[in-house]
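Working notes, structure below.
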Number of protein chains: 2
Amino acid sequence: MSKASYHHGDLSQQARQQALTVLREQGDSAISLRALARQIGVSAPALYRHFADRESLLAELAIHGFQTLRQRLLQVTQTPPRQALIGIGLAYVSFAQDDPNLYRLMFGGRVLPRGAHPRLDDAGQAAFQVLEDTVERARRCGYLRPLPLSLMTATAWSLVHGLSQLTIDGHLPGTDAEPRLAEGITSLLLEGAISPTNNNEDTP
Amino acid sequence: MSKASYHHGDLSQQARQQALTVLREQGDSAISLRALARQIGVSAPALYRHFADRESLLAELAIHGFQTLRQRLLQVTQTPPRQALIGIGLAYVSFAQDDPNLYRLMFGGRVLPRGAHPRLDDAGQAAFQVLEDTVERARRCGYLRPLPLSLMTATAWSLVHGLSQLTIDGHLPGTDAEPRLAEGITSLLLEGAISPTNNNEDTP
DNA sequence: ATGCCAATGTTAACACTGTTAACTTGCAGG
DNA sequence: CCTGCAAGTTAACAGTGTTAACATTGGCAT
């Protein structure tokens with residue numbers, strides 16, 4: 001199935017693979033269809049039999065990214081509420097740190113506009129769903145304060161996403177051990193989200 | 001000073017201006033030096049007298065962005081601690097929403113790598129400094145719990161940055177009024193950061 | 001006032017890029 | 001067998017960033 005003949009037979013897969021390694025090493029802007037084709041040993045227009053355009057190829061990489069992110073989150077979710085929430089935070093940040101360029105592509109925004117690739121939107125939504133389910137479960141256990149679900153999930157999502165982005169871009173002075181930073185930040189948010197067992201005072 | 005002669009006299013400024021409007025309307029990837037020169041009415045290589053390369057032009061736009069962000073943050077800082085902290089959060093997010101493409105450029109990461117443009121790093125640092133000063137002031141007032149300064153600033157920075165990025169990219173279901181979302185998120189974090197006036201129980 | 005020079009433009013060219021059109025090859029099923 | 005369709009090919013277009021070599025000019029020193 002890997003004959004050096006006219007019909008390559010495995011081009012689509014091999015192109016994704018090669019694009020992924022280029023992405024990992026040099027970022028999305030370094031992905032060139034012509035260079036990809038050259039390295040694989042095929043002519044550039046051949047790729048258009050498998051991808052509508054460059055952006056569609058990038059979208060597929062991002063989809064794959066969201067799928068593995070979802071898997072990683074699911075793995076740390078089967079635990080008690082607090083542990084699950086902190087685990088999600090840590091898993092999320094470590095995913096971004098392990099694959100910064102992939103993460104940047106997934107949340108590029110301008111490079112992969114929302115709405116242009118439905119399967120991408122779905123994959124992102126599915127990953128987000130893991131977080132939302134975990135938050136809802138924790139709240140139903142009475143572990144979290146009875147605030148609107150959308151508010152709490154948005155807060156958690158914002159926090160881990162912002163932390164990921166800032167650390168991989170080097171905006172945070174990472175002199176300290178960074179895992180501890182992520183853990184501290186996550187629990188700092190939780191101290192505010194934990195339902196007060198006693199001394200419940202509203203802040204109007 | 002605007003003669004249609006050989007020496008343009010105002011090219012640098014005009015190029016920045018034009019690049020900024022293109023950025024605002026179509027994003028950084030739509031900024032083309034050749035197209036810019038064409039629209040201004042000058043030959044492409046002329047731009048290289050004023051900018052080392054395309055990336056340097058983008059860097060100057062980002063620098064300007066950080067400067068105006070800093071100004072906006074300073075304006076809401078001259079208030080009591082809690083009001084200042086929430087104000088920073090709101091100002092930050094609204095800045096991103098007013099100018100999404102500029103914001104994306106400022107925190108591009110891959111398009112403007114950290115360390116390549118010292119003046120950019122400084123401008124970003126200066127904006128961050130406003131947040132850090134405000135947090136430190138609030139903590140010294142006793143308004144915040146006595147946690148490490150770096151931890152609290154990192155948390156606040158992560159939260160507002162993540163929220164900004166997620167909203168401008170449409171990842172958050174923005175059906176609700178979004179300003180209220182930002183306010184809710186910011187105060188939710190604060191509830192966890194506020195030093196408990198009574199009933200101080202540590203969580204080891 | 002004049003002459004020179006550095007700053008600031010110009011054109012031509014190189015090496016890329018994404019993308020489409022038109023043509024060719026060869027495997028698979030009637 | 002042969003034919004049709006999927007999957008590859010070359011040629012070409014329009015665009016990009018960037019550099020080299022050349023042209024023009026405004027201002028400064030003589």
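Order of the sequence lines sets the chain letters (A, B, ...), proteins ahead of strands, with each chain counted from 1. The analysis underlying the following values was restricted to heavy atoms, covering all of them including side chains, and did not include hydrogens, waters or symmetry mates.
At distances below 3.5 Å, not a single donor-acceptor pair connects side-chain atoms of Arg119(A) with backbone N or O atoms of Ala59(A). A distance-only check finds a donor-acceptor pair linking the side chain of Arg139(B) to the backbone of Leu147(B) [under 3.5 Å].
For Leu11(A), whose side chain is taken as the heavy atoms from C-beta onward, the closest listed nucleotide among dG8(D), dT10(C), dT18(D) is dG8(D). Here dG17(D) is the nucleotide among dG18(C), dT11(C), dG17(D) with the atom lying nearest to any side-chain atom of Tyr48(B). With dT16(D), dT9(D), dT10(C) as the choices, the nucleotide that has an atom nearest any side-chain atom of Ala46(A) turns out to be dT9(D). Of the candidates dT10(C), dT16(D), dG8(D), the closest approach to any side-chain atom of Val42(B) belongs to dT10(C).
The CZ atom of Arg54(B) sits 15 Å away from the P atom of dT19(D) (whole-angstrom rounding). Between the CG atom of Leu33(A) and the P atom of dT9(D) there is a distance of 14 Å, given to the nearest Å. Here dT8(C) presents its C1' atom at 14 Å from CD1 of Ile40(B), a figure rounded to the nearest Å. Note: CG (Asp10(A)) to P (dA7(D)) measures 12 Å, nearest angstrom. Here dC16(C) presents its P atom at 16 Å from CG of Leu36(A), a figure rounded to the nearest Å. Rounded to an integer number of Å, the gap from Phe51(B) CZ to dT16(D) P is 17 Å. The distance from atom CG of Leu47(A) to atom C1' of dT9(D) is 13 Å, rounded to the nearest whole Å.
Within the structure, every side-chain polar atom (N or O) of His50(B) is placed at least 4.0 Å from both OP1 and OP2 of dA7(C).
At a cut-off of 3.5 angstrom, the base of dG9(C) holds at least one donor-acceptor pair with the side chain of Arg49(B).
Taking the side-chain contact (heavy atoms from CB on, under 4.5 Å) definition, one finds that Asp169(A) meets it with Arg104(A), Gln165(A), His171(A), sequence neighbours left out.
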Quick one: which protein N/O atoms are closer than 3.5 Å to N/O atoms of nucleotides 13-15 of chain D? Pair and distance per line, please.
none

May I have the step-by-step check of salt bridge (Lys or Arg N to Asp or Glu O under 4.0 Å) for Glu191(B) and Arg145(B), ending in yes or no? CA-CA 11 Å; Glu191(B) 305 309 310; Arg145(B) 286 163 60 189; over 6 Å; no
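The only member of Val93(A), Asp98(A), Ile168(A) that meets side-chain contact (heavy atoms from CB on, under 4.5 Å) when paired with Tyr103(A) is Ile168(A).
In this structure, the side chains of Asp28(B) and Asn101(B) stay at 4.5 Å or more apart for every pair of heavy atoms.
Defined by atom type and a distance below 3.5 Å, a donor-acceptor pair is present between the side-chain atoms of Arg16(A) and Ser12(A).
Across all strands shown, Ile31(A) has heavy atoms under 4.0 Å from sugar-phosphate atoms exclusively, and none from any base.
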